[in-house]
Amino acid sequence: MKYTQLGRTGLKVSRLVLGTMNFGPQTDEADSHTIMDAAQQAGINFFDTANVYGWGANKGRTEEIVGSWFAKGGARRDKTVLATKLYANMAADDGKVWPNHDKLSALNIRRSVDASLKRLGTDYIDLYQFHHVDRDTPWDEIWQAMDVLVQQGKILYVGSSNHAGWHIARANETAARRGTYGLVSEQCLYNLAERRAEMEIIPAAEGYGLGVIPWSPLHGGLLGGALRKEREGGAARSGAGRSADSLANSTIRAQIQSYEDLLDKHGLEPGEVALAWLLTRPGITGPIVGPRTADQLASALQAVELTLPDELLASLDEIFPGPGPSPEAFAW
């Protein structure tokens, strides 16, 4: 495994991040433990979760599974850089949330961190992330609440997720004014097929010293050999969700066909190339991989050692052209 610093921090993290969103809803506790053991044995030290994972009536279940894995001992917690998130409505029925039981008020921050710590069976969180932007709570209040958690030893670093570039700027300018360290990471949707983050989010993150942690690096399975799996009749994710919606578009379908044809010529696996491509991008800490099985984890691990030649990178840019930098991309 290869490692890098998380943004401007001194924290060293693996270049692949183990995403746990499937633990509980699609992968049972025993298999989840097996995957986490395999990930740690392979050198992955950066695990990502969220208070809402488990979904529906089982919100919080994923954090509980991670916590029960820590409880097995063997220095599992000490070897893990643990990231979780808050923001969501944690009402089990997804109904109308009781006031102050979601978003980023100081009150909900206090409640959420204590609940996550209990589920995770730990006394601190390495990276506590805002799962979404709270447009109603001022950054001064948010940072005041986070400063208290740092002082209490409950969290070490703060990150964002799904924030725009200007949100990152405002957050860190407010933090600087308060003498607070500010955001150290941004978790955003970014992959070969979805490159809009290159316009504003990634430049803002680089400018303020945030590590970028891409989620959905295979774009819901679209970049993982979706057409090949469709032809083979496998139980691929190409049959549902974002991938199915995309493949129904003839233009996107042709694009993915070109992608898979290109990689067939090079004898490369689409999913591994999609991950390896992200590792070549400036400012990227590491993509989140969310394996449902140990085999999927093993495939993802291949990407870290994969070197993509310049010729192939240029061909990928031709198939999936980026939007260009801001403001040039739209100003002239």
Side-chain angles (χ1 to χ4, degrees), residues 1-20 35-50 63 66-67 69-70 72-85 113 116-117 120-130 146 149-150 153-161 168 171-172 175 180-188 190 197 201-202 204-215 217 272 275-291 297-298 300-308:
M1 180 52 60
K2 298 177 182 178
Y3 300 88
T4 189
Q5 307 296 124
L6 179 61
R8 66 187 185 281
T9 77
L11 190 66
K12 290 185 178 180
V13 294
S14 51
R15 297 230 57 201
L16 286 184
V17 184
L18 182 69
T20 63
I35 291 170
M36 286 186 278
D37 279 334
Q40 199 165 79
Q41 289 165 10
I44 295 178
N45 75 335
F46 198 4
F47 288 18
D48 178 75
T49 190
E63 286 188 331
V66 175
W69 181 73
F70 287 150
K72 295 169 76 172
R76 286 173 170 84
R77 176 65 185 97
D78 289 344
K79 292 179 180 178
T80 302
V81 175
L82 174 63
T84 192
K85 311 180 198 74
V113 73
S116 283
L117 289 170
L120 291 162
T122 186
D123 56 2
Y124 74 101
I125 293 163
D126 297 281
L127 178 64
Y128 203 35
Q129 302 163 110
F130 310 129
M146 289 295 165
L149 298 187
V150 171
K154 293 181 178 180
I155 68 171
L156 300 182
Y157 301 97
V158 181
S160 58
S161 181
I168 292 169
N172 273 22
T180 295
Y181 202 51
L183 299 173
V184 303
S185 64
E186 160 61 18
Q187 193 177 125
C188 63
Y190 182 44
I201 298 169
I202 293 174
E206 287 189 282
Y208 283 97
L210 279 65
V212 177
I213 306 168
W215 60 265
E272 294 173 14
L275 293 172
W277 177 82
L278 282 168
L279 294 174
T280 70
R281 306 305 297 168
I284 300 302
T285 299
I288 298 174
V289 296
L297 173 63
L301 288 167
Q302 301 300 313
V304 180
E305 303 301 329
L306 186 60
T307 299
L308 304 182

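All values below were derived from every heavy atom in this structure, side-chain atoms included, with hydrogens, water molecules and symmetry-related copies excluded. Because the structure is predicted, anything quoted here is derived from the model rather than measured.
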Subject >> For Leu210 against Ser160, the heavy-atom pair lying closest together >> reply: CD2-OG, 4.4 Å

Original post:
Taking only residues two or more places apart in sequence, or in another chain, which ones meet Lys2 in a side-chain contact (heavy atoms from CB on, under 4.5 Å)?
Top reply: Arg15, Val304, Glu305

Subject >> Donor-acceptor pair between Glu186 and Ser161 side chains, under 3.5 angstrom >> reply: no

Original post:
Can you name the closest pair of heavy atoms from Leu11 and Thr9 and give their distance?
Top reply: N-OG1, 3.0 Å

Subject >> Donor-acceptor contact below 3.5 Å, side chain Tyr3 vs main chain Gly43 >> reply: yes

Original post:
Which heavy atom of Val113 sits nearest a heavy atom of Ile125, and at what distance?
Top reply: CG2-CD1, 4.1 Å

Subject >> Minimum side-chain heavy-atom gap Met1-Leu301 below 4.5 Å >> reply: yes

Original post:
Just wondering, do Leu82 and Leu120 contact through their side chains at under 4.5 Å, heavy atoms?
Top reply: yes

**OP:** Determine, step by step, whether Ile168 and Ile201 satisfy the side-chain contact (heavy atoms from CB on, under 4.5 Å) criterion, reporting the C-alpha distance in whole Å, the side-chain angles of both residues, the deciding distance to 0.1 Å, and the verdict.
**Re:** CA-CA 8 Å; Ile168 292 169; Ile201 298 169; 4.3 Å; yes

Subject >> Stepwise side-chain contact (heavy atoms from CB on, under 4.5 Å) test for Leu149 and Tyr128 >> reply: CA-CA 10 Å; Leu149 298 187; Tyr128 203 35; 4.1 Å; yes

Original post:
Does a side-chain heavy-atom distance below 4.5 Å link Tyr124 with Ile155?
Top reply: no

**OP:** Answer yes or no: is there a side-chain heavy-atom contact under 4.5 Å between Val17 and Pro214?
**Re:** no

Original post:
side-chain contact (heavy atoms from CB on, under 4.5 Å) between Leu278 and Tyr190: does it pass, once the steps are laid out?
Top reply: CA-CA 8 Å; Leu278 282 168; Tyr190 182 44; 3.5 Å; yes

Subject >> Distance (rounded to the nearest 0.5 Å) between Leu297 CG and Ile35 CD1 >> reply: 7.0 Å

Original post:
Is the backbone N or O of Lys12 less than 3.5 Å from a side-chain atom of Asn45, with the two atoms forming a donor-acceptor pair by type?
Top reply: yes

**OP:** Under the side chain to side chain donor-acceptor pair (under 3.5 Å) rule, what do Glu63 and Ser116 come out as? Steps first, then yes or no, please.
**Re:** CA-CA 7 Å; Glu63 286 188 331; Ser116 283; 2.9 Å; yes

Original post:
Are Leu156 and Val150 side-chain neighbours, meaning at least one heavy-atom pair lies under 4.5 Å?
Top reply: no

Original post:
Just wondering, are more than 12 heavy atoms of other shown residues or ligands nearer than 6.0 Å to NZ in Lys72?
Top reply: yes

Original post:
Sub-3.5 Å donor-acceptor pair from the side chain of Arg76 to the main-chain atoms of Gly73, do we have one?
Top reply: yes

Original post:
Where is the tightest heavy-atom contact between Leu6 and Ile213, given as atom of each residue plus distance?
Top reply: CD1-CD1, 4.4 Å

Subject >> Intermediate values then yes/no, side-chain contact (heavy atoms from CB on, under 4.5 Å), Trp69 and Gln40 >> reply: CA-CA 12 Å; Trp69 181 73; Gln40 199 165 79; 3.4 Å; yes

Original post:
With a distance cut-off below 6.0 Å to the six-membered ring centre and an angular limit of 45° from the axis, does Arg77 pair with Phe70 as a cation-pi contact?
Top reply: yes

Subject >> Check: Lys154 and Asp123 side chains under 4.5 Å, non-hydrogen atoms >> reply: no

Subject >> Side-chain touch Thr4/Ile284, heavy atoms, less than 4.5 angstrom >> reply: no

**OP:** Could you tell me which non-hydrogen atom of Val289 sits nearest to which non-hydrogen atom of Ala300, and how far apart they are?
**Re:** CG1-CB, 4.0 Å

Original post:
Of all heavy-atom pairs between Ala303 and Leu275, which one has the smallest distance, and what is that distance?
Top reply: CB-CB, 3.5 Å

Original post:
Excluding sequence neighbours, so at least two apart, what forms side-chain contact (heavy atoms from CB on, under 4.5 Å) with Ala83?
Top reply: Phe46, Asp48, Leu127, Gln129

**OP:** Decide yes or no for Ser185 and Val212: does some side-chain heavy atom of the first lie under 4.5 Å from some side-chain heavy atom of the second?
**Re:** no

Original post:
Backbone N or O of Leu16 within a donor-acceptor pair of the Ser14 side chain at under 3.5 Å?
Top reply: yes

Original post:
Are a donor atom and an acceptor atom from the side chains of Tyr208 and Arg8 found within less than 3.5 Å of each other?
Top reply: no

**OP:** Only counting residues at least two apart or in another chain, list the ones meeting ring pair (Phe, Tyr, Trp, His ring centres under 6.0 Å) with Phe130.
**Re:** Trp139

